[in-house]
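Please read these numbers as outputs of a predicted model, since none were measured by experiment. Proteins come first, then strands; the chains are lettered A, B, ... in the order of their sequence lines, and each starts at number 1.
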Amino acid sequence: MAPKRVIAHLDCDAFYATVELLKRPDLKGKPLIVAGSGPRSVVTTASYEARKFGVGSAMPASQARRLCPTAVVIPPDFTAYREKSREVWTIVRSRLEAVQGMGIDEAYADLTGVEKPLRVLRELVEQVKKDTGVQISVGVGPNRLIAKCCSDLGKPAGFVAMGREEACIRFAAAPTRRLPGIGPKTAERLAEMGYVTVAQLQEADEAQLAARFGDRWARYLKARATFHDDSPVETESGAAKSVSTERTFDTDVETHDEQEKILRALARELCENLQAKRRQGRTVAIKVRLADWTTVTRAKTLDGSTNDVELVTETAVALLRAYAPPQPVRLLGVRLAGFDDVEPDKPPAPVAPVGQLMLPV
DNA sequence: TCTGGGGTCCTAGGACCC
DNA sequence: TCTGGGGTCCTAGGACCC
């Protein structure tokens, strides 16, 4: 029988704000908001002082300023965040075997079979704090779902561990939205059916859920509510499956001529990025967001893979012309997918050893 | 008071081939 | 003349996550 899994979720507290405070210690204790300066920017991170005013991630910056007029607003410095992130996860990986990074400021680790896993984690958190100034909150459980919910529970500087049955009880009164995988739309639909809390979803009739969401989703939702999750911690991350560049404009762009000009610049930016990464893709796609927030995508798959500025640009422009946006445009984007190149920094695909026959399956 | 930028995965329909 | 089913590829949209 397989040993009981021990999964940890490690999450940096208010990561961007923390990095800014390390650069500017004089701001310590003040409410701090990391957000762009444009009229349509959103909050990327708020310090805990700012959160007391109701400021949260993904909130329009204009709203955040109104909620907390005394806050110091700093534009994001992604270069600094990437650098600090590298420091943090280098330490974590030096101490733990199986780590799966999830974006810049969090990761899962599989500590199954590790002696005294909680002690190992506590010492790790302490070292990261001492060496980098970054505070990590930790959640531990028998699977990723419980680990994730637990790291959230103790923030900031949290350290929470529990088993599945305890999780079912401790999160019973929480809204379903608290479960990762249940977003605003699904939570809304569940609420319409009378399932507002995790406990209610635990007791929900699966056949009734299936009628509304389909078999697969129904099973998934029940599994989430009862904290069943056997998804593995994936150590190999792999290269991105698509790469895109997009921009929201301070004011909507009205003429097709101007839209085209912007799209060309975006296509160039994307191709230069891909050339640096030595990646080529077959599918060129554009994204157009209209003034009324309608979002449209159009894609074309080419015969061969490319990252050529001319080819990608002309394909993207042709897609835009065919669509001919019927309203002013607030966002334009270009994306390349369908990569069939060798992943960077990896040896070529293995071939059959000499003397071994490749048999048709 | 409006709503960023970078991704992933899933679904569903149509084309096309065997 | 009519009737299949399966598999793959492509496109578009939607939900979700950090």
Side-chain angles (χ1 to χ4, degrees), chain A residues 9-12 14-16 33-45 54-69 75-76 78 81-82 85 100-108 144-145 148 151-152 176-190 213-217 219-221 224 231 234 237-250 252 266 269-270 273-274 277 281-303 319 322-323 330-340:
Chain A
H9 182 251
L10 292 78
D11 200 342
C12 301
F15 183 62
Y16 295 179
I33 293 171
V34 181
S37 54
R40 286 172 171 174
S41 65
V42 299
V43 175
T44 37
T45 314
V55 176
S57 289
M59 171 183 290
S62 55
Q63 188 183 352
R65 286 170 197 272
R66 238 173 296 118
L67 287 170
C68 187
F78 290 101
Y81 308 150
R82 272 192 294 268
S85 171
Q100 177 180 8
M102 304 291 293
I104 204 163
D105 64 348
E106 62 181 80
Y108 289 96
R144 294 166 43 133
L145 174 59
K148 168 86 177 163
S151 71
D152 230 38
T176 59
R177 180 71 180 86
R178 279 286 300 280
L179 298 168
I182 297 183
K185 303 284 183 181
T186 304
E188 175 96 9
R189 291 175 69 189
L190 287 171
F213 292 94
D215 281 22
R216 275 175 62 100
W217 253 104
R219 223 173 315 122
Y220 175 78
L221 292 170
R224 292 319 258 184
S231 65
E234 313 248 23
S237 59
K241 294 176 177 172
S242 72
V243 177
S244 63
T245 303
E246 66 182 52
R247 208 124 304 154
T248 295
F249 314 116
D250 289 353
D252 297 348
L266 290 170
E269 199 179 311
L270 176 67
N273 174 10
L274 286 160
K277 291 180 174 147
R282 283 181 62 216
T283 303
V284 178
I286 64 164
K287 176 165 154 184
V288 182
R289 180 123 71 210
L290 304 176
D292 72 356
W293 200 252
T294 309
T295 305
V296 168
T297 61
R298 291 290 182 271
K300 177 159 181 65
T301 299
L302 307 170
D303 289 338
L319 289 167
Y323 172 54
R330 66 176 286 140
L331 169 150
L332 282 171
V334 186
R335 183 170 57 92
L336 204 66
F339 299 111
D340 51 9

*asked:* Is C:dC2 syn or anti, taking syn as a glycosidic angle within 90° of 0?
replied: anti

_Rounding to an integer number of Å, can you tell me how far A:R289 CZ sits from B:dG4 P?_
6 Å

_Taking side chain to side chain contact (heavy atoms under 4.5 Å, CB included) as the definition, give me every residue that meets it alongside A:P39, ordered by chain and number, with sequence neighbours left out._
A:D250

*Under a 3.5 Å cut-off on both pairing distances, which runs of 3 or more consecutive Watson-Crick or G-U pairs involve DNA chain C?*
B:5-18 with C:5-18

_Main-chain N/O of A:L302 paired with A:R282 side-chain donor or acceptor, under 3.5 Å_ = yes

*Using a 4.0 Å heavy-atom cut-off across all strands, classify A:P76 as base, sugar-phosphate, or nothing.*
nothing

_From B:dG4, B:dT8, B:dG5, nucleotide with atom closest to A:V42 side chain_ = B:dG4

*Which part of the nucleic acid does A:R282 contact within heavy-atom distance under 4.0 Å: base, sugar-phosphate only, or nothing?*
sugar-phosphate

*Just call it for A:G181: base, sugar-phosphate, or nothing, with non-hydrogen atoms closer than 4.0 Å on any strand.*
sugar-phosphate

*With sequence neighbours excluded, what pairs up with A:Q100 under the side chain to side chain contact (heavy atoms under 4.5 Å, CB included) test?*
A:M102, A:R144, A:V233, A:E234

*asked:* Between A:T44 (side chain only) and A:V34 (backbone N and O only), is there a donor and an acceptor less than 3.5 Å apart?
replied: yes

For nucleotides 10-16 of chain B, list the nitrogen or oxygen atoms of the protein found under 3.5 Å from its nitrogen or oxygen atoms, one pair per line.
unit_1: B:dT11; atom_1: OP1; unit_2: A:R216; atom_2: NE; d: 3.2

*Starting at atom CZ of A:R247, determine the distance to atom P of B:dG4, rounded to an integer number of angstrom.*
13 Å

*asked:* Is it the case that the side chain of A:S244 and the backbone of A:V334 share a donor-acceptor pair, with hydrogens and angles ignored and the cut-off at 3.5 Å?
replied: no

*Roughly how many Å is it from NZ in A:K287 to P in B:dG7, rounded to a whole number?*
11 Å

*Roughly how many Å is it from CZ in A:F15 to P in C:dC18, rounded to a whole number?*
15 Å

*Could I get the full list of ring-ring contact (aromatic ring centres under 6.0 Å, His included) partners for A:Y108, not counting sequence neighbours?*
A:H9

*Atom CG of A:N273 and atom P of B:dG5: how far apart are they, to the nearest Å?*
15 Å

*To the nearest Å, give me how far apart CZ (A:R65) and C1' (B:dT1) are.*
14 Å

*Donor-acceptor under 3.5 Å (A:R224 side chain, A:P180 main chain)*: yes

_Per A:P180 side chain, nearest of listed nucleotides B:dG5, C:dC17, B:dG7_ = C:dC17

*Determine the Euclidean distance between corresponding C1' atoms of C:dC17 and B:dG4; express it in Å to zero decimal places.*
14 Å

*Nearest to the side chain of A:V243, which nucleotide is it out of C:dC17, B:dG7, B:dG4?*
B:dG7

*Report the nucleotide, chosen from C:dC17, B:dT3, B:dG4, that has the shortest atom-to-atom distance to any side-chain atom of A:P60.*
B:dT3

*Who passes ring-ring contact (aromatic ring centres under 6.0 Å, His included) against A:Y323, sequence neighbours left out?*
none

*Could you tell me whether A:S62 contacts a base, only the sugar-phosphate backbone, or nothing, with contacts defined as non-hydrogen atoms closer than 4.0 Å?*
nothing

_Categorize A:A61 for me: base, sugar-phosphate, or nothing, with a 4.0 angstrom heavy-atom threshold over every strand shown._
nothing

*Which nucleotide in the list B:dG4, B:dG7, C:dC18 gets nearest to the side chain of A:K148?*
C:dC18

*Which nucleotide in B:dG4, B:dG6, B:dG7 has an atom nearest any side-chain atom of A:S242*: B:dG7

*Atom CG of A:L332 to atom C1' of B:dG4: distance rounded to whole Å?*
15 Å

*When you match A:R66 and A:S57 each to their closest nucleotide on DNA chain B, which lands nearer the 5' end?*
A:R66

*If you draw a 6.0 Å radius around CG in A:D215, do more than 12 non-hydrogen atoms from other residues or ligands fall strictly inside?*
no

*Between C1' of B:dT8 and CD of A:Q100, the distance in whole Å*: 12 Å

*Go through the side-chain N and O atoms of A:T295 and A:R289 and say whether any donor and acceptor fall under 3.5 Å apart.*
yes

*Spell out, as yes or no, whether a donor-acceptor pair under 3.5 Å connects the side chain of A:S151 to the backbone of A:K148.*
yes

